[in-house]
Amino acid sequence: MKLERFRAEGPIATVFGAVNTGSWRQEYPTVDYEACIKCGTCQRYCPVDAITIRADQEECVVFAWDFCKGCGICANECPKTCIKMATVGGER
């Protein structure tokens, strides 16, 4: 298979802006901070990079709610099962 070269003319986007994509989620993650060992597994597996671990804070798992889809991968991968999924409409 021979690769062809193309010449791109005009503006080309290299950085994509994100919008509030978490607005359609049906569930959201809740964290039992006392059980959390701050391992970062949830952060590594988050497909949209919506989790930050702040080991120096009591509430160490921080979610970017504008981007969290409520997929539940973080809850599924947590080795201590300290992340549970809750239905939208409850408290965070």
Mind listing the side-chain donor-acceptor pairs of residues 56-64 below 3.5 Å, one per line with the distance, residues two or more places apart or on another chain?
none

I'd like a table of donor-acceptor pairs (distance under 3.5 Å, sequence neighbours excluded) in which one partner is a side-chain atom from residues 43-54, with atom names and distances.
{"unit_1": "Q43", "atom_1": "NE2", "unit_2": "I51", "atom_2": "O", "d": "3.4"}
{"unit_1": "R44", "atom_1": "NH2", "unit_2": "T41", "atom_2": "OG1", "d": "3.1"}

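Residues V88 and I73 fall into different hydrophobic clusters, defined by Ile, Leu, Val, Met, Phe, Trp and Tyr side chains chained together at heavy-atom separations under 4.5 Å.
When atom types are taken as modelled, the side chain of R25 and the backbone of W65 share a donor-acceptor pair closer than 3.5 angstrom. Distance alone, capped at 3.5 Å, places no donor-acceptor pair between the K80 side chain and the C78 backbone.
Partners of D66 by side-chain contact (heavy atoms from CB on, under 4.5 Å), not counting sequence neighbours, listed by chain and number: N20.
Taking each heavy atom of G70 and M85 in turn, the nearest pair found is O-CE, 3.6 Å.
Taken from CD in E77 to SG in C39, the straight-line distance is 10.5 Å, to the nearest 0.5 Å.
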